[in-house]
Amino acid sequence: MRSTADADDRASLLRSHPRPTLARPGWASLDGDWEFTTGAPGDNPADLTFDQSIVVPFPPESAASGLGVDTCEEPRYRRTFTADPAPGHRVLLHFEGVDHDARVWVNGHLVGGHAGGYTPFALDVTDALGHGESDTHTLVVAASDDARDLELPRGKQAWTADPEVIWYRRSSGIWRSVWLEEVPALRIASVAWTPLDTDGTLAGSIALAGLPRGASGRHSVEATFTHDGVLLARITLQATGPKVEFQVRLGDARTVPIERLLWTPEHPRLIDVDVKLVSDGAVADEVASYTGLRTVRAVRGAVRINERPTFLRLVLEQAYWPDSQFTAPSLEALRAEAQLIADLGFNGLRMHQVSADPRFLRACDELGLLVWADLPAAQLFTPAALERTTANLTELVARDRNHPSLIAWVPFNESWGIPRVARELRQQNAVVALQALAKALDPTRLALGNDGWEHVTGDVIGVHDYSHEPAKLKRRYLPGVIAATLAWRRPGARRLVVGAPRRLGRTLALEGTPVVLSEFGGVSLDSDQAAWRGYGRVRSASALVERVSALVDAVGPDSGLAGWCWTQLTDTLQEQNGLTWPDRTPKAPIADLRAAITESAQA
């Protein structure tokens, strides 16, 4: 049994590590003060004069960066770092997010790059270290983010000079953490944990790097699974190739009964996993990871967690802060955000048009929050836009697949990036293709197609309906009426489904596809600030609570819905329809808001 001190150290590592499902101690953050300038595409970093400073990881458009510029399409960064790896070790340089294209030099040598602003990348910079004069090395990063390129997946970043309507300020360049890691040449490269059933059967896949050819019999992988210090299983397998795969049964009445191991919103139990790579009898590498035993299915009109119907009470999470924009101001702010969502009475959230910080997902894992993950949208439908969106999906599934809180992928929001999906077959095919790709990459989670209206395909039908008449909402989503609503109603002046409406509405109802009101509500509390008047309005905190209660009561578990998602958690710039002010202060007593959100949802 692990000591309390060891357990505390492990928990602290997994909560603070930029990659909490594959963590080694001793990583080094490169966040902080960097030199800064702007350049032109193709410029040579050696020719640049870095005459400003910036605080990384905050984007140059943000106040937290120390710059607060209006726009910055070609940011350039420089700093020094120290590294002197032990013999046989490598140095990996990790970037959690650089928007959109990045090139990286170490000691004047180009070491690699990456395209995609919402996904991480890592570069092996070991060979470039030898070109330095000491163990101090120079790192230069050049980013490119064309604000006018509507083929770029940019989510809610505005492409106009100023944010307007529902669009926010841009975040260019480095906008998430940069960090260093010294690793053995022979090492654990990735881990994937897939719960297979409600009996505690887990599939494991461990990828190795640096495994020499002809290594059969010399190397093995050991995975140890524990919960609250109790050993559940230990499995040791020979590493005959670069990937080791296995299945293991964790639930056992002689140790811990399976019902005391399952991850649920009410009991978010996590399983610690320690993985060792053994070479010629000695430990070559070891990492800390974790998982949750949780299945999710959409069947007979309900979303089922571990085969139990679970009514979704989600909130739309824009993940935007006034001074730091899409970058959380601190680790504490990320964890406070998740706690705020739970304290308000929601059992989950929809991460809207931005990838989640993995440390935020760790907090959701601990709190039992159910997460829908949007892919950030491009604004045009072109082969280039579709290629970039597909790459986003592939890389985000690989990054986030070990988080039990994440239960659904949302490839398209409404008709963003697919403006003619209601009538153009190739845009419909794009929805079908990405939904199928999500299911192929990650068959154990839900995958929607396009959420909101003009539904093409998906495990769940997401409907956006901002009616503020509770009686009207209640009539639209009665159990026996929902098929007709899907077939004929046009909230937002959009058809809800694509195809012959009467036949398709009836078919979806008969198939039992769950329907989630995946955006609704949206109430602005009058203030003196300039606001986009696109939502309902109230004039007092008590009226806000009353409106929330009435709308939530109309679409609760007694309706034909499988859940709903309230729009939104916080006021964000001119979109002032949050339950809290931009600084996360609730607009009404939190106990009152919690009662409004939960009391009609207890069926």
Side-chain angles (χ1 to χ4, degrees), residues 36-43 51-77 97-102 115-118 141-176 316 318-329 352-355 374-382 384-385 388-389 392 413-419 524 527-535 568 570-578 582:
F36 183 83
T37 190
T38 56
D43 53 17
D51 53 358
Q52 300 178 76
S53 63
I54 189 172
V55 180
V56 168
F58 304 115
E61 295 89 349
S62 71
S65 72
L67 293 177
V69 298
D70 290 335
T71 186
C72 190
E73 296 186 349
E74 301 290 338
R76 304 290 184 259
Y77 304 79
V98 182
D99 202 356
H100 175 268
D101 295 294
Y118 290 96
V141 179
S144 179
D145 184 20
D146 185 352
R148 296 154 296 184
D149 186 351
L150 299 186
E151 295 175 308
L152 288 182
R154 63 177 66 253
K156 296 200 72 171
Q157 296 183 57
W159 56 93
T160 54
D162 297 304
E164 58 185 9
V165 192
I166 61 170
W167 311 106
Y168 307 153
R169 294 191 183 96
R170 289 189 291 275
S171 287
S172 303
I174 298 172
W175 69 285
R176 277 199 172 136
L316 202 69
Q318 307 283 9
Y320 190 98
W321 282 265
D323 291 334
S324 55
Q325 299 179 195
F326 292 104
T327 307
H352 191 42
Q353 290 299 299
V354 64
S355 61
D374 280 17
L375 292 188
Q379 289 301 313
L380 294 180
F381 181 79
T382 67
R388 290 161 169 168
T389 301
N392 264 354
N413 177 62
E414 298 175 342
S415 52
W416 296 9
I418 45 171
S524 297
S527 70
D528 294 331
Q529 300 177 14
W532 176 63
R533 300 297 187 183
Y535 299 102
Q568 58 192 16
T570 69
D571 279 3
T572 307
L573 298 178
Q574 70 283 351
E575 198 174 13
Q576 296 176 19
N577 58 312

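Values below: every heavy atom of this structure, side chains too, minus hydrogens, waters and symmetry copies. The shown structure was predicted, so the numbers you read here are calculated from the model rather than taken from an experiment. One-based numbering along the sequence shown.
Within the structure, side chain to side chain donor-acceptor pair (under 3.5 Å) pairs that include any residue of residues 58-71 comprise Glu61-Ser172, Thr71-Arg170 (at least two apart or interchain).
Atom CG in Asp43 sits 9.0 Å away from atom OG1 in Thr38 (nearest 0.5 Å). In this structure, CH2 in Trp159 is found 6.5 Å from CG in Leu150, a value given to the nearest 0.5 Å. For the atom pair CG of Asp146 and CD of Glu74, the computed distance is 8.0 Å after rounding to the nearest 0.5 Å. Separation of atoms CG (Asp374) and CG (Leu316) is listed at 7.5 Å; rounding is to 0.5 Å. Note: Ser53 OG to Leu67 CG = 7.0 Å, rounded to the nearest 0.5 Å. Rounding to the nearest 0.5 Å places OG of Ser144 at 9.5 Å from NE2 of His100.
Qualifying side chain to side chain contact (heavy atoms under 4.5 Å, CB included) partners for Thr572, counting only residues two or more places apart in sequence or in other chains: Tyr168, Gln318, Tyr320, Gln568, Thr570. With sequence neighbours excluded, the residues satisfying side chain to side chain contact (heavy atoms under 4.5 Å, CB included) with Glu414 are Trp416, Trp453, His464, Glu519.
A donor-acceptor contact shorter than 3.5 Å links the side chain of Gln574 to the backbone of Trp167. With hydrogens and angles disregarded, no donor-acceptor distance shorter than 3.5 Å links the side chain of Tyr118 to the backbone of Pro376. The main-chain N or O of Ala377 is found under 3.5 Å from a side-chain atom of Gln353 such that the two form a donor-acceptor pair.
Closest heavy-atom contact between Asp101 and Ala115: OD1-CB, 3.2 Å. Across all non-hydrogen atoms, the minimal contact from Gly578 to Asp571 is N-OD1, 2.8 Å. Of all non-hydrogen atoms in Tyr77 and Pro60, the two that sit nearest each other are OH-CD, 3.8 Å. For the residue pair Gly117 and Trp175, the shortest heavy atom distance occurs at O-NE1, 2.8 Å. Arg76 and Ala40 get closest at one heavy-atom pair: NH2-O, 3.0 Å. Minimum interatomic distance between Val98 and Ala102 (heavy atoms only, all atoms of both residues): CG1-CB, 3.7 Å.
With a 4.5 Å cut-off on side-chain heavy atoms, Ser355 and Arg176 count as touching. Using a 4.5 Å cut-off on side-chain heavy atoms (C-beta onward), Lys156 and Val354 make no contact. Residues Asp323 and Pro329 form no side-chain contact, since every pair of their non-hydrogen atoms from C-beta on lies 4.5 Å or further apart. Side-chain contact between Pro153 and Leu375 is absent, with no heavy atoms from C-beta onward closer than 4.5 Å.
Checking Glu575 against Tyr535 by side-chain atom types alone, a donor-acceptor pair falls below 3.5 Å.
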Note to self: Under the criterion side-chain contact (heavy atoms from CB on, under 4.5 Å), I'd like the reasoning laid out for Leu152 against Asp145: C-alpha separation, chi angles, the key distance, then a yes or no.
What the structure shows: CA-CA 9 Å; Leu152 288 182; Asp145 184 20; 3.8 Å; yes

Check: Would Arg388 and Asp149 count as a salt bridge (charged side-chain N to carboxylate O under 4.0 Å, His left out) if you check the C-alpha gap in whole Å, the side-chain angles of each, and the deciding distance to 0.1 Å?
Finding: CA-CA 12 Å; Arg388 290 161 169 168; Asp149 186 351; 3.4 Å; yes

